[in-house]
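One structure is given below, encoded as C-alpha cells.
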Amino acid sequence: MESGRLMDFYDDYSPYMEIDLMKMEDGFPDTNSGHKCPHVYRCPTCNKEEVFFIKE
C-alpha cells in the first residue's frame, strides 16, 4: 500500500516545502538529477515499510 512521499514524513512542515529543495536533503544522491521521487510503501499484512523510487 502506497503511503506517500518519503520527504513528507520528515517533520510537520516538510509536506509544504518545495519538492526540489527537499530532494537535495533526502539522503539519496540522485533523486533530483535522476528525476526520481522516493515513496514509502507499507505491506498491509506485516506492516513492513520500504522505499521505492517513482519516475517523474
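Basis for what follows: all heavy atoms, side chains included, without hydrogens, waters or symmetry-related copies. Start at 1 with the first residue, then count along the sequence.
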Practice task
Considering only Ile, Leu, Val, Met, Phe, Trp and Tyr, and joining two whenever side-chain heavy atoms are under 4.5 Å apart, list the other residues clustered with Met1.
Solution key: none

Solution key, residues 48-56 side-chain donor-acceptor pairs under 3.5 Å, sequence neighbours excluded:
from, atom 1, to, atom 2, distance (Å)
Lys55, NZ, Gly34, O, 3.4
Glu56, OE1, Lys23, NZ, 2.6
Glu56, OE2, Lys23, NZ, 2.6

Exercise for the section: Could you tell me whether the side chain of Thr31 reaches within less than 4.5 Å of the side chain of Cys37, counting heavy atoms only? Expected result: no

Handout entry: Asn47: side chain to side chain contact (heavy atoms under 4.5 Å, CB included) partners, not counting sequence neighbours
Key = Arg42

Handout entry: Which residues share a salt bridge (Lys or Arg N to Asp or Glu O under 4.0 Å) with Glu2, sequence neighbours left out
Key = none

